[in-house]
Chemist: 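To start, I am sharing the structure in question, which I have written as structure tokens.
The structure displayed is predicted, hence computed values, not measured ones.
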Amino acid sequence: MDRLADLGAWMRVAVVGGGWAGLAAAVELTDAGNRVTVIEAAKQLGGRARSVDLRGLRLDNGQHILIGAYGETLRLMKKVGVDPERLLKRLPLEVRFPGCQPAPFRLRLPRLPAPLHLAAGLLTARGASLGEKIGAARFMRCLQATGYRIADDCTVTSLLDRHRQKGKLRRYLWEPLCLAALNTAPERASARIFVNTLRDSLGGERAATDLLLPAADLEQLFAVAAAEFIRARGGELRLCTRVGSIDDELSVVGERFDCVVLAVGPVPAAALLAQRPETSAIAKLLADYRFEPIGTVYCAYPPQVRLPFPMLGLAAQDDGQIGQWVFDRGTLCGTPGLMAFVLSGHGQWEALDNQALASALDRELAATLSSRLPAMLWQQVIRERRATFSCRPGLHRPNARTARAGLWLAGDYVCADYPATLEAAVRSGVAAARGIALGGCE
């Protein structure tokens, strides 16, 4: 269902929060003919997926990737006039760890119909034994046979142990995929949510597994076009406006609305929800959430420094390994020599100061490429200390509709099937908008 206009009468709706969840809700509600006001505390839209100005460059607060399975995100991008094929570099899923010992690891899914693409990719994976490849195929078949359902949630480590996943494919495929998707280490991460991501990616159509690597800054992918879409249809965007309460009449910053979508993170949401008895239970739930950090380290080298593939894994040489993934921003975004290192979840990297962290990653990149790198020109570290909720087994997620009439939630933590991703944020916003269109202000 692309339009919601036929489902409900015209309403005035406040969307509190201008991240991807809030913008998704606002776009859908605006497209349905409603008068929408987006209220954002920061001076720019985008939330945790926003652009920043660094050393004369327009970069991102964190290096994000999308995959072909992000159907709602791609749909909304097109709705607001963004061409995903122009701003996203689409590549078949390829996982490369060129520095791992004793031989490099590489898995690439060919452009074959599903599920042949996965079978062929596993069979031809370099650096893994035949037994590991057969075991990985059995693992996916077992998940498919159960409809990708896990009766009792457990950790991803327990799930992999149960299915006898080991060796290179565990170390360089399953565990990195878990950390990248859930931003939570396998020994703490929810197997149920991890399996959901496998269902919709490796277990889906061939195109669902494609890597969609941003070839522009994050604002250009959605936020800028979404803002123009909302304004062009009579909506309003108020930046630098903090919401301290939502009163009995659904008034926000002194103005009454028919419905309110609360599209902020769990911590500010809990503070607002705790003010009313109808929503205090959700506030207590969110107050118990734990969080995981993400670090992005930009290292600038002379323009001739390039990676053999836009995204490489940094293989562990010893227990002191710091890095996880590195992206070549020159290949992706036209800034030659600029590398973006991504550090997901809690780890040793948090204890290092910025200079020591950049130096460690520089050494690990040189070891990965088996070559001596020229001296860095500059480095910049961005630390999001509460980047995502910690996606642990049995984590209870709130519903989009609250017990308070007319008040809805949106945010990646509301999308119960997914971890904290852009797609989860967008889906939650769409869900809130559709709920309101079906009479959710009553």
Chemist: Set out, in order, the CA-CA distance, both residues' side-chain angles and the distance that settles salt bridge (Lys or Arg N to Asp or Glu O under 4.0 Å) for D412 and R48, then state yes or no.
Modeler: CA-CA 11 Å; D412 52 27; R48 286 166 290 154; 3.0 Å; yes
Chemist: Can you see whether F327 has R329 sitting over its ring - NZ or CZ less than 6.0 Å from the centre and within 45° of the normal?
Modeler: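 No, R329 does not lie over the aromatic ring of F327.
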Chemist: Would you call R170 and D161 a salt bridge, using N to O less than 4.0 angstrom?
Modeler: yes
Chemist: Start with the C-alpha gap between E228 and R231, add the side-chain angles, then the distance that decides, and say whether salt bridge (Lys or Arg N to Asp or Glu O under 4.0 Å) holds.
Modeler: CA-CA 5 Å; E228 293 175 355; R231 287 194 185 103; over 6 Å; no
Chemist: Do W378 and Y298 have their ring centres less than 6.0 Å from each other?
Modeler: no
Chemist: Cut-off 3.5 Å, no hydrogens considered: what does the side-chain donor-acceptor table look like for residues 414-421, sequence neighbours left out?
Modeler:
from	atom 1	to	atom 2	distance (Å)
Y418	OH	D200	OD2	2.4
Y418	OH	R427	NH2	3.4
T421	OG1	A424	N	3.1

Chemist: Do the two ring centres, one from Y172 and one from F97, sit under 6.0 Å apart?
Modeler: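 Between Y172 and F97, the centre distance is under 6.0 Å.
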Chemist: Centres of the W325 and F341 rings: under 6.0 Å?
Modeler: no
Chemist: Can a donor-acceptor pair be found, under 3.5 Å and without considering hydrogens, that links the side chain of S428 to the backbone of A410?
Modeler: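 No, S428 side chain to A410 backbone: no donor-acceptor pair under 3.5 Å.
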Chemist: Less than 3.5 Å apart, any donor N or O on the side chain of N61 or E384 sitting next to an acceptor on the other?
Modeler: yes
Chemist: Among all residues two or more places apart in sequence or in another chain, which pass the salt bridge (charged side-chain N to carboxylate O under 4.0 Å, His left out) test with R12?
Modeler: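 By the salt bridge (charged side-chain N to carboxylate O under 4.0 Å, His left out) rule, R12 matches E255.
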Chemist: Using the salt bridge (charged side-chain N to carboxylate O under 4.0 Å, His left out) criterion, which residues pair with R58? Sequence neighbours excluded.
Modeler: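 Applying salt bridge (charged side-chain N to carboxylate O under 4.0 Å, His left out) to R58 gives D53, E219.
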Chemist: Go through the steps for K79 and D31 under the test salt bridge (Lys or Arg N to Asp or Glu O under 4.0 Å), then give the verdict.
Modeler: CA-CA 9 Å; K79 174 175 281 191; D31 193 44; 3.1 Å; yes
Chemist: Would you check if the side chain of T184 reaches a backbone N or O of C391 as a donor-acceptor pair within less than 3.5 Å?
Modeler: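 Answer holds: yes.
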Chemist: For Q380, which residues count as a side chain to side chain donor-acceptor pair (under 3.5 Å) partner, sequence neighbours excluded?
Modeler: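 With neighbours one apart ignored, the set is empty.
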Chemist: Listed by chain and number, what are the side chain to side chain donor-acceptor pair (under 3.5 Å) partners of D83, not counting sequence neighbours?
Modeler: none
Chemist: T197: which residues meet the side chain to side chain donor-acceptor pair (under 3.5 Å) condition with it, sequence neighbours left out?
Modeler: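 With neighbours one apart ignored, the set is empty.
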Chemist: Quick check: does any side chain N or O of Q165 sit under 3.5 Å from a backbone N or O of H163, one acting as donor and the other as acceptor?
Modeler: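 Yes, Q165 side chain to H163 backbone: donor-acceptor pair under 3.5 Å.
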Chemist: Ignoring hydrogens and geometry beyond distance, is a side-chain donor-acceptor pair present between S390 and E292 at under 3.5 Å?
Modeler: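 Judged by distance alone, the side chains do pair up.
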